[in-house]
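Quick notes on the structure that follows.
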Amino acid sequence: MTTKATFYKQVYDLVRQIPAGYVSTYGIIAEQISLRSAARMVGWALNKADIATVPAHRVVNRNGELTGKGHFFTPDTMRQMLETEGVTFRPDGSVDLDRHLFRFSHS
DNA sequence: GACATGACGGCAC
DNA sequence: AGTGCCGCCATGT
């Protein structure tokens, strides 16, 4: 059990560490849990995760795009939540990573 | 048990 | 700089 079960927990735990107004990327999270290049699994875990218990809206892709918006109540929910938290977006609709990218600390 | 798919990322062309 | 392909791990059919 084990490894895979821990994998989800790891993802959720990391995502919960992201403070409001900040975002992180699938790749960074994957790297934090030793999955380095398995960023897909991160998004997968979030898909299976409960949006009510995990701030999945704070996770975007490496390009700052809200790739998972389609998995929320409405395609605009993710963007709305981020804006409410104070996250700013670029003219193209992507998140300003240079301004809101959260850096994890080694636990 | 094998094949296809998926909230991505990096490298090659 | 833009587009395309392969890789990675887990899950569903």
Side-chain angles (χ1 to χ4, degrees):
Chain A
M1 46 166 225
T2 66
T3 9
K4 48 183 180 179
T6 305
F7 154 65
Y8 291 100
K9 193 177 185 302
Q10 297 272 36
V11 175
Y12 302 152
D13 186 57
L14 285 169
V15 175
R16 287 178 206 181
Q17 289 179 47
I18 305 172
Y22 281 86
V23 299
S24 188
T25 72
Y26 304 97
I28 294 175
I29 294 173
E31 193 170 324
Q32 292 295 312
I33 59 180
S34 306
L35 285 182
R36 309 173 199 179
S37 307
R40 291 186 153 201
M41 303 303 84
V42 178
W44 225 67
L46 290 178
N47 184 336
K48 175 179 158 300
D50 187 354
I51 298 176
T53 55
V54 181
H57 60 279
R58 293 177 190 161
V59 184
V60 299
N61 72 350
R62 206 308 201 189
N63 204 28
E65 298 167 34
L66 309 185
T67 53
K69 64 181 182 183
H71 288 255
F72 286 80
F73 301 93
T74 67
D76 295 307
T77 304
M78 194 172 183
R79 167 93 179 241
Q80 294 298 309
M81 290 177 81
L82 289 173
E83 289 184 323
T84 300
E85 296 182 347
V87 176
T88 57
F89 291 74
R90 287 187 127 189
D92 61 310
S94 59
V95 178
D96 236 330
L97 292 180
D98 295 304
R99 218 182 105 140
H100 303 285
L101 179 60
F102 174 70
R103 301 188 183 185
F104 290 99
S105 54
H106 11 307
S107 3

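In this text, all values refer to a predicted model and were calculated from it rather than measured experimentally.
- The side chain to side chain donor-acceptor pair (under 3.5 Å) check on Glu65(A) picks up Asn63(A), with sequence neighbours excluded.
- Nucleotide dA7(B) holds its C1' atom 15 Å from the CE atom of Met81(A), rounded to whole Å.
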When you check every protein heavy atom under 4.0 Å of nucleotides 8-13 of chain B, what one-letter string (B, S, -) results, 5' to 3'?
-> BSS---
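- Whole-Å rounding puts the Asp92(A) CG to dA1(C) C1' distance at 15 Å.
- Atom C1' of nucleotide dT11(C) and atom CZ of Phe7(A) are separated by 11 Å, given to the nearest angstrom.
- Put simply, CE on Met78(A) is 12 Å from P on dA7(B), counting in whole angstrom units.
- Sorted by first and then second residue, the side-chain hydrogen bond (donor to acceptor under 3.5 Å, both in side chains) pairs involving residues 29-43 of chain A (not counting sequence neighbours) form an empty list.
- When rounded to the nearest whole Å, the span between CG of Leu82(A) and P of dA7(B) equals 18 Å.
- For the pair Trp44(A) CH2 and dA10(C) P, the computed distance is 10 Å after rounding to whole Å.
- For Pro19(A), the side-chain contact (heavy atoms from CB on, under 4.5 Å) partners two or more places apart in sequence, or in a different chain, are Tyr22(A), Phe102(A).
- For Asp96(A), the salt bridge (charged side-chain N to carboxylate O under 4.0 Å, His left out) criterion is met by Arg90(A), not counting sequence neighbours.
- Scanning all heavy atoms of the two residues, the minimum distance from Phe104(A) to Leu14(A) falls at CE2-O, 3.0 Å.
- Here the C1' atom of nucleotide dT11(C) and the CG atom of Leu35(A) are 15 Å apart, to the nearest Å.
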Side-chain donor/acceptor pairs under 3.5 Å, residues 79-87 of chain A, sequence neighbours excluded:
unit_1   : atom_1 : unit_2   : atom_2 : d
Arg79(A) : NE     : Glu83(A) : OE2    : 3.0
Arg79(A) : NH2    : Glu83(A) : OE2    : 3.4
Thr84(A) : OG1    : Gln80(A) : O      : 2.8
Glu85(A) : OE1    : Arg58(A) : NE     : 3.0
Glu85(A) : OE2    : His57(A) : NE2    : 2.9
Glu85(A) : OE2    : Arg58(A) : NE     : 3.3
Glu85(A) : OE2    : Arg58(A) : NH2    : 2.9

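- Base contact: Ala56(A) has a heavy atom under 4.0 Å from a base atom.
- What separates CE of Met41(A) from P of dG12(C) is a distance of 12 Å, to the nearest Å.
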